[in-house]
Number of protein chains: 2
Amino acid sequence: MTRVRNGHDAHGAGVTRAQRAVLAALAAEGPFVSAQDLHAQLRGAGEGVGLTSVYRALQALADAGEVDVLRTPSGEATYRRCGSDRHHHHLVCTSCGTAVEVEAPALERWVRQVAATHEFAVDSHTLEISGRCRTCARD
Amino acid sequence: MTRVRNGHDAHGAGVTRAQRAVLAALAAEGPFVSAQDLHAQLRGAGEGVGLTSVYRALQALADAGEVDVLRTPSGEATYRRCGSDRHHHHLVCTSCGTAVEVEAPALERWVRQVAATHEFAVDSHTLEISGRCRTCARD
DNA sequence: ACAGCAATGAAAACCGTTTTCAATCGAACG
DNA sequence: CGTTCGATTGAAAACGGTTTTCATTGCTGT
């Protein structure tokens with residue numbers, strides 16, 4: 001089997017070294033993290049990956065749908081490797097960043113209906129719920 | 001009637017010159033606009049308002065709940081003076097920026113319920129639907 | 001008038017992200 | 001092996017939106 005050189009992989013994930021490193025770091029399935037956090041983390045772990053490459057890898061992975069992107073209220077982009085590849089929304093803890101994935105078929109239906117009422121052709125929609133998870137709830 | 005000097009106004013809106021200018025420009029009830037757009041617009045109209053003041057005014061007005069803030073996918077903050085002061089969501093046209101306000105009591109209920117299921121104490125939630133309005137739908 | 005504090009705005013700092021560009025890597029081919 | 005050539009990498013610089021700094025201006029109450 002000839003080794004793949006670029007994104008023509010059967011699977012589309014983790015082709016370049018940076019992408020593999022990022023995916024590995026993200027594999028923990030933890031909270032949403034920013035590119036810079038990720039970079040610091042990789043650096044700390046001895047992984048020699050440049051910040052630029054982290055950004056590029058995240059961008060590529062996000063484009064490929066391998067990771068989910070979330071903008072924090074301050075405008076920073078954060079990333080997470082989600083369990084489901086289906087369309088879903090998040091419950092995000094403002095304190096520790098952990099996220100719970102939720103699907104909401106009823107919501108999706110409602111969105112389509114409202115859009116139709118106002119004669120909008122829907123491109124996309126986002127729903128994010130932020131609060132404190134059980135663990136962080138006790139200030 | 002003594003003139004008000006600062007935000008201790010009965011109403012909380014448009015106390016400083018910059019705030020008044022911004023509110024006036026936003027009054028058109030049109031699309032969501034960025035701080036810079038607003039600044040250019042005011043400058044064009046002969047209103048001598050500095051960019052810094054526009055930012056400050058928007059921040060104050062947003063804090064006071066006088067205007068709604070929306071982050072574009074690129075991370076830029078855009079503002080709009082909404083018709084309703086009640087909690088609501090938006091249908092936003094990606095082409096012209098126009099927005100339709102929608103209330104969704106059923107959604108609010110659903111959010112609370114989902115949060116409860118996962119033992120989250122909800123702080124806030126956002127739902128934005130983006131697409132093309134009827135006028136812009138024809139490419 | 002005058003003191004004092006809020007508002008203003010130009011310029012500089014900030015900060016996350018993207019771009020540039022030269023160096024490096026590595027598969028393919030001879 | 002050695003060369004070629006496109007892809008990858010990363011340091012540094014550019015970028016763009018936003019915030020901060022700080023000196024100036026303008027009101028307000030005395």
Side-chain angles (χ1 to χ4, degrees), chain A residues 1-9 12-25 32-64 67 69-80 97, chain B residues 1-9 12-25 32-64 66-67 69-79 97:
Chain A
M1 161 202 188
T2 45
R3 268 190 155 294
V4 189
R5 191 230 227 83
N6 186 348
H8 302 33
D9 185 46
V15 178
T16 71
R17 180 166 63 94
Q19 284 174 11
R20 263 175 270 125
V22 164
L23 276 180
F32 277 84
V33 293
S34 70
Q36 317 230 29
D37 287 348
L38 214 40
H39 177 239
Q41 194 175 316
L42 290 171
R43 273 293 158 92
E47 278 286 349
V49 185
L51 180 57
T52 312
S53 295
V54 172
Y55 273 108
R56 276 191 284 235
L58 284 170
Q59 202 170 265
L61 292 170
D63 285 354
V67 301
V69 193
L70 204 60
R71 291 241 171 220
T72 65
S74 76
E76 199 178 3
T78 53
Y79 305 83
R80 182 181 200 255
Chain B
M1 161 201 189
T2 45
R3 259 177 163 305
V4 190
R5 189 227 226 90
N6 184 348
H8 302 32
D9 187 41
V15 179
T16 72
R17 179 166 63 95
Q19 285 174 10
R20 263 175 269 126
V22 164
L23 277 180
F32 277 84
V33 294
S34 70
Q36 318 231 29
D37 287 348
L38 214 39
H39 177 238
Q41 197 175 312
L42 289 171
R43 272 294 160 91
E47 277 287 348
V49 184
L51 179 57
T52 312
S53 295
V54 172
Y55 273 108
R56 277 193 282 237
L58 284 169
Q59 203 171 265
L61 292 170
D63 285 354
E66 295 289 327
V67 301
V69 192
L70 204 62
R71 291 244 168 216
T72 65
S74 75
E76 199 177 3
T78 53
Y79 304 82

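Below, read A as the first sequence line, B as the second, and so on, with proteins coming before strands; counting in each chain starts at 1. Just the heavy atoms: all of them, side chains too, but no hydrogens, waters or symmetry mates, feed the values below.
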**Heavy-atom check, side chain of B/Gln19 versus side chain of B/Val22, under 4.5 Å** = no
Take atom [atom1] of [X] and atom [atom2] of [N], then tell me their distance rounded to the nearest Å.
| X | N | atom1 | atom2 | result |
| --- | --- | --- | --- | --- |
| A/Arg43 | D/dT9 | CZ | C1' | 11 Å |
| A/Glu47 | D/dT8 | CD | C1' | 15 Å |
| B/Phe32 | D/dG17 | CZ | C1' | 18 Å |
| A/Glu76 | D/dT19 | CD | P | 14 Å |
| B/Gln19 | C/dG9 | CD | P | 13 Å |
| A/Leu42 | D/dG10 | CG | C1' | 14 Å |
| A/Gln36 | C/dT17 | CD | P | 6 Å |
| B/Arg17 | D/dC27 | CZ | P | 9 Å |

The side chain to side chain contact (heavy atoms under 4.5 Å, CB included) partner of B/Phe32 among B/Val67, B/Leu70, B/Val69 is B/Leu70
message: Looking at B/His39 and B/Val49, would you say the former's side chain and the latter's main chain have a donor-acceptor pair under 3.5 Å?
response: yes
Do side-chain atoms of A/Arg20 reach the backbone of A/Val15 as a donor and acceptor pair under 3.5 angstrom?
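Looks like yes, one N/O pair under 3.5 Å.
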**Prompt:** To the nearest 0.5 Å, what is the distance between CZ (B/Arg17) and CD (B/Glu47)?
**Reply:**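 If we round to the nearest 0.5 Å, B/Arg17:CZ and B/Glu47:CD are 7.5 Å apart.
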Inset, instruction - Look up atom CZ in B/Arg56 and atom OG in B/Ser53, then write down how far apart they are to the nearest 0.5 Å. - result: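 One gets 5.0 Å once the value is rounded to the nearest 0.5 Å.
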For D/dT19, does OP1 or OP2 lie under 4.0 Å from any side-chain N or O of B/Gln59? yes
Identify whether any heavy atom of A/Gly48 sits under 4.0 Å from a base atom; if not, whether one sits that close to sugar-phosphate; answer base, sugar-phosphate or nothing.
sugar-phosphate
Exercise for the section: Only counting residues at least two apart or in another chain, list the ones meeting side-chain hydrogen bond (donor to acceptor under 3.5 Å, both in side chains) with B/Thr52. Expected result: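 Counting only residues at least two positions away or on another chain, B/Thr52 forms no side-chain hydrogen bond (donor to acceptor under 3.5 Å, both in side chains).
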query: What residues in residues 49-56 of chain B put a non-hydrogen atom under 4.0 Å from any atom of DNA chain D?
result: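 Residues of residues 49-56 of chain B under 4.0 Å from DNA chain D: B/Thr52, B/Tyr55, B/Arg56.
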For this session: Identify, between B/Ala77 and A/Ala18, the residue whose nearest nucleotide on DNA chain D lies closer to the 5' end.
Result: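 The residue whose closest nucleotide sits nearer the 5' end is A/Ala18.
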